[in-house]
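Heavy atoms only: backbone and side chains are in, while hydrogens, waters and symmetry mates are out.
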Amino acid sequence: MSPSSLRVLRYLRSWMWGRHDVETAEVDLDRGGESVPATLLTPRRPDGALPAWIILHGITRPGRAHRQLVRFTHALSSGGCAVLVPEVPEWRELDLAPGLTLPTVRAALRFLASYGISSQDDGVGLLGFSFGAPQAIAASSDPSVRDHLAGVAGFGGYCDLERTVAFQFTGRHEWQGEDHHLRPDPYGRWIVGANYLTTVPGLEDLGEVAQGLRALASAAGDRGIPSWSPELEGDKQDMRATLPERMHDVFDLFVPRPGMDPDPVAGREMAHALAAAGRTVDPLIEPALQFLGVQGPVHLLHGRQDHLIPFSEALRLEQALPANTVASATITRLFGHSAQDPLPGPVESVREGVRFLGALGRILGVPTGRRGVSASEGGAEPRP
């Protein structure tokens, strides 16, 4: 059995039955003169040299303590890996701050090297969740970290900011001429509005709306409830009541009244304005602009029924990579931000399981594979 197959089996055992035979340690990283916390996980009984992973969380209040992330990292380490999960405090405060990705990855690499885990020959795997996924890919193109990485993986990431935000207002997205529709998770538009609403020309005086959106997203994260939970209705009503009447139309676009959806035309217009403002404030918010130096391999996983970021964004991420990059994108019903799509029957369940395990095997094989692994070794094809 190959090392990656063995890691998959150990990972699955840990994920499904909660058998986490790992040791955890709270450590500090030096992020350009600033100390940030991180969690280091290692197998309790390591079997030889440890392949290493750096894991980036997304824009979420729990940060590295997010329940599903903790479960994932424990399973990953139980599979036979050292796993380092840096905190990005600004992302925990719900700030869209892509410029902090590279300093965080550099700090993590320095720590692993000082700890004696990283390998100059094989490199370290870098994996990002949600907002952290495209940022991890973009960071891997930088010469200061590129030669220390064996490959990159991303779960649930975005590629095009405007398309993503438009989906978060309308629930609509398309891929290769085929239209798709889901009920969008409002959390995403709350985050983007909290960060960029007051930088849109003409909306600079809507700071109270932006603060309210941040407060709603924070409340969902702090309470561990979905952003569309009825438990937040009281918060929404109280917040709206404190706003001047002239701000109600904009607030209602982000936070519709019960039983209502955002107006799709106004939503698309707002998505366009927010994306333009975001690009002006921080060009790094469009990750694909930084992909030129990505060497790969890059493995992407995305939920077909993802209500926060549509699966078409993973396919666009793969498409945006340099043509000679070994890459794969797996769309599955076994993963998502907000909800898992119920499988229609046993045949589909088996099919999805096989697809998911294949993707997981490619991802878990990254740290022990050589950079520039061939398509036959990596299970993914370079794009023409």
Side chains of S227 and D185, donor plus acceptor under 3.5 Å: yes

Side-chain donor-acceptor contact under 3.5 Å, T60 with H66: no

More than 12 heavy atoms of other groups within 6.0 Å of H272 NE2: no

Joint cluster assignment, V152 & L284, ILVMFWY side-chain distance < 4.5 Å: no

Salt-bridge criterion met for R223 and D235 (N-O under 4.0 Å): yes

Polar side-chain atom of S141 near backbone of Q290 as donor-acceptor pair, under 3.5 Å: yes

Remaining members of hydrophobic cluster (4.5 Å side-chain criterion), F167: L182

Min side-chain heavy-atom separation Q168-I191 under 4.5 Å: no

Ring center gap for H57 and F131 short of 6.0 angstrom: no

Over all atoms of both residues, closest heavy-atom pair of D160 and E313: N-OE1, 2.7 Å

Partners meeting side-chain hydrogen bond (donor to acceptor under 3.5 Å, both in side chains) with R172 (sequence neighbours left out): none

For D252, side-chain contact (heavy atoms from CB on, under 4.5 Å) partners two or more places apart: R240, H248, R257

S130 side chain vs G132 backbone, donor-acceptor pair below 3.5 Å: no

E26 versus T39, side-chain donor and acceptor atoms under 3.5 Å: yes

Residue pairs passing the salt bridge (Lys or Arg N to Asp or Glu O under 4.0 Å) test where at least one lies in residues 91-111, sequence neighbours excluded: R61-E93, E87-R92, D95-R214, R106-D142

Salt bridge (Lys or Arg N to Asp or Glu O under 4.0 Å) pairs, two or more places apart, involving residues 285-303: R279-E286

Within-4.5 Å side-chain heavy-atom neighbours: V326 and V298: no

Any Y158 side-chain heavy atom under 4.5 Å of V165 side chain: no

Linked hydrophobic residues, L289 as query - side chain contacts closer than 4.5 Å: none

Shared hydrophobic cluster, V70 / F155 (ILVMFWY, side-chain heavy atoms < 4.5 Å): no

Donor-acceptor under 3.5 Å (W53 side chain, V124 main chain): no

